[in-house]
There are 2 protein chains.
Amino acid sequence: MRIGELAARTGVSVRALRYYEEQQLLTSIRSSGGQRHYPDDAADRVHLIQTLYAAGLSSKTILDLLPCVDAKVNTPASRALLRAERDRIDQRISELVAARERLDAVITSSESPASGCTHVDLASA
Amino acid sequence: MRIGELAARTGVSVRALRYYEEQQLLTSIRSSGGQRHYPDDAADRVHLIQTLYAAGLSSKTILDLLPCVDAKVNTPASRALLRAERDRIDQRISELVAARERLDAVITSSESPASGCTHVDLASA
DNA sequence: CTTGCCTCTCACGTCAACGTCAGGTTTTAG
DNA sequence: CTAAAACCTGACGTTGACGTGAGAGGCAAG
């Protein structure tokens with residue numbers, strides 16, 4: 001398929017797909033006229049890339065990580081890299097959960113009919 | 001206290017503190033010479049701002065949110081805002097959990113001896 | 001007074017993941 | 001064969017939260 005269809009299938013913009021290729025996260029075969037052609041499983045690859053981006057990983061980190069998936073490379077270094085990124089995501093989740101709890105505290109007290117305009121101490125934690 | 005000490009106490013850069021003031025997230029009293037002075041509880045305020053930034057909120061959103069804490073504003077609009085941001089954080093957490101599961105799957109298969117890995121580095125033993 | 005550290009206000013630089021416009025080529029539909 | 005899509009390669013623009021000097025002023029100590 002060509003780049004437009006891949007974009008449509010994945011919900012990712014054409015510009016983004018070209019950017020992924022520029023970052024070496026995605027490859028394509030060029031037709032004689034220079035147009036990109038992708039195999040069907042390219043959509044899965046794009047979804048994976050999107051998932052990793054959504055996890056807050058940078059292009060470079062994803063580039064480092066992808067061989068671990070593609071070629072099932074299994075070295076101490078690659079395992080360490082995978083675990084390091086997993087731990088980073090863990091930490092990020094913790095941060096978000098903490099922030100959510102603080103917001104929840106504000107919401108709860110602001111919605112409590114008994115409290116009215118009760119003091120909300122968001123700064124203590 | 002002056003800006004340098006507040007920066008030291010909170011672990012936030014002087015530049016960032018001035019930026020927060022520019023964004024109207026933080027206020028200060030100026031000395032006759034124009035230098036900023038902060039009360040002790042400014043550190044709590046900075047920590048709060050940092051937490052909300054860590055939750056992925058923008059300066060503007062935080063600016064909108066802060067009155068809900070400071071002045072205990074309790075209107076339908078402010079409650080809706082709070083819940084909207086809370087839901088956004090929820091969604092973000094879900095994304096991260098999904099990404100983490102994805103990485104976990106890769107990690108598990110890469111560490112399993114029966115996973116069909118093509119390359120196993122025995123030097124780690 | 002002056003040394004030295006802290007602080008001030010501009011104001012341009014950065015970084016990432018694209019958006020967007022320009023100008024030209026390839027592919028497809030009719 | 002032609003016109004419209006779709007695609008191509010640059011290359012500059014965007015956004016947010018600061019980083020990083022430049023040049024000048026404030027402030028307690030000796």
Side-chain angles (χ1 to χ4, degrees), chain A residues 1-39 42-43 45-66 85 88-89 92 95-96 99, chain B residues 1-39 42-43 45-66 85 88-89 92 95-96 99:
Chain A
M1 76 179 91
R2 289 190 300 169
I3 199 169
E5 192 184 340
L6 182 58
R9 281 197 197 181
T10 58
V12 168
S13 73
V14 168
R15 176 68 174 91
L17 294 177
R18 288 198 272 248
Y19 176 76
Y20 297 166
E21 182 167 327
E22 187 185 323
Q23 300 300 308
Q24 308 182 51
L25 306 181
L26 188 64
T27 56
S28 63
I29 298 172
R30 299 305 185 98
S31 71
S32 56
Q35 299 199 348
R36 294 172 177 84
H37 287 264
Y38 302 91
R45 160 65 64 120
V46 172
H47 285 312
L48 171 59
I49 294 172
Q50 285 288 98
T51 300
L52 296 178
Y53 271 130
L57 306 192
S58 68
S59 291
K60 189 190 177 310
T61 303
I62 296 176
L63 179 60
D64 292 341
L65 237 44
L66 282 179
E85 293 307 326
R88 256 216 267 290
I89 295 174
R92 188 91 185 89
E95 286 174 15
L96 287 178
Chain B
M1 75 177 95
R2 290 189 298 170
I3 199 169
E5 192 183 340
L6 182 57
R9 282 198 196 178
T10 58
V12 169
S13 74
V14 168
R15 176 67 175 95
L17 294 177
R18 288 199 271 249
Y19 176 77
Y20 296 166
E21 183 167 326
E22 187 185 323
Q23 300 300 306
Q24 309 181 50
L25 307 180
L26 189 63
T27 56
S28 62
I29 297 173
R30 299 305 185 100
S31 71
S32 56
Q35 299 198 348
R36 293 172 177 85
H37 288 265
Y38 302 91
R45 161 65 66 120
V46 172
H47 285 313
L48 169 60
I49 294 172
Q50 284 289 98
T51 299
L52 296 179
Y53 271 131
L57 305 192
S58 68
S59 291
K60 189 190 178 310
T61 302
I62 296 176
L63 179 60
D64 293 341
L65 236 44
L66 283 179
E85 292 309 324
R88 258 222 267 286
I89 295 174
R92 187 89 185 93
E95 287 175 17
L96 286 178

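Letters A, B, ... mirror the listed sequences (proteins, then strands); counts begin at 1.
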Donor-acceptor pair between B/Ser59 and B/Tyr20 side chains, under 3.5 angstrom: no

Spacing of A/Leu26 atom CG relative to C/dA17 atom C1', expressed in whole Å: 15 Å

Reported OG-to-CD1 distance for the pair B/Ser28 and B/Ile3, which is rounded to 0.5 angstrom: 7.5 Å

OP1 or OP2 of C/dT9 under 4.0 Å from side-chain N/O of B/Arg18: no

Pairs where residues 6-15 of chain B contributes a residue and the test side chain to side chain donor-acceptor pair (under 3.5 Å) is met, not counting sequence neighbours: B/Glu5-B/Arg9

side-chain N/O B/Arg36 vs D/dG26 OP1/OP2, d < 4.0 Å: no

B/Arg18: salt bridge (Lys or Arg N to Asp or Glu O under 4.0 Å) partners, not counting sequence neighbours: none

Step-by-step side chain to side chain donor-acceptor pair (under 3.5 Å) determination, A/Thr27 to A/Tyr38: CA-CA 8 Å; A/Thr27 56; A/Tyr38 302 91; over 6 Å; no

Whole angstrom value for the distance that separates C1' of C/dC5 from CD of B/Glu5: 15 Å

Step-by-step salt bridge (Lys or Arg N to Asp or Glu O under 4.0 Å) determination, A/Arg30 to A/Glu21: CA-CA 12 Å; A/Arg30 299 305 185 98; A/Glu21 182 167 327; 3.3 Å; yes

Contact state string [nucleotides 24-30 of chain C, B base, S sugar-phosphate only, - no protein heavy atom under 4.0 Å]: --SS---

Between C/dA16 (C1') and A/Ile49 (CD1): distance, integer Å: 15 Å

C/dT9 phosphate, OP1 or OP2, under 4.0 Å from B/Arg30 side-chain N/O: yes

Close side-chain approach of A/Leu48 and A/Leu66, heavy atoms under 4.5 Å: yes

If you restrict it to nitrogen or oxygen atoms, what contacts under 3.5 Å exist between nucleotides 15-21 of chain D and the protein, and what is each distance?
unit_1, atom_1, unit_2, atom_2, d
D/dA17, OP1, B/Ser59, N, 3.3
D/dA17, OP2, B/Tyr19, OH, 3.3
D/dA17, OP2, B/Ser59, OG, 2.8
D/dC18, OP2, B/Tyr20, OH, 3.1
D/dG19, OP2, B/Ser13, OG, 2.6
D/dG19, N7, B/Arg15, NE, 3.2
D/dG19, O6, B/Arg15, NH2, 3.3
D/dT20, O4, B/Arg15, NE, 3.2

Sidechain-backbone polar pair: B/Thr61 side chain, B/Leu57 backbone, donor-acceptor under 3.5 Å: no

Between the first and last five pairs of the helix from C/dC1-D/dG30 to C/dG30-D/dC1, the angle of the axes, rounded to 10 degrees: 10°

Gap separating the CG atom of B/Leu26 from the CD1 atom of B/Ile62, nearest 0.5 angstrom: 12.0 Å

Worked verdict on A/Arg2 versus A/Arg36 for side chain to side chain contact (heavy atoms under 4.5 Å, CB included): CA-CA 6 Å; A/Arg2 289 190 300 169; A/Arg36 294 172 177 84; over 6 Å; no

Contacts of type salt bridge (Lys or Arg N to Asp or Glu O under 4.0 Å), residue A/Arg88, not counting sequence neighbours: A/Glu85

d(CD, A/Glu22; C1', C/dA17) in whole Å: 10 Å

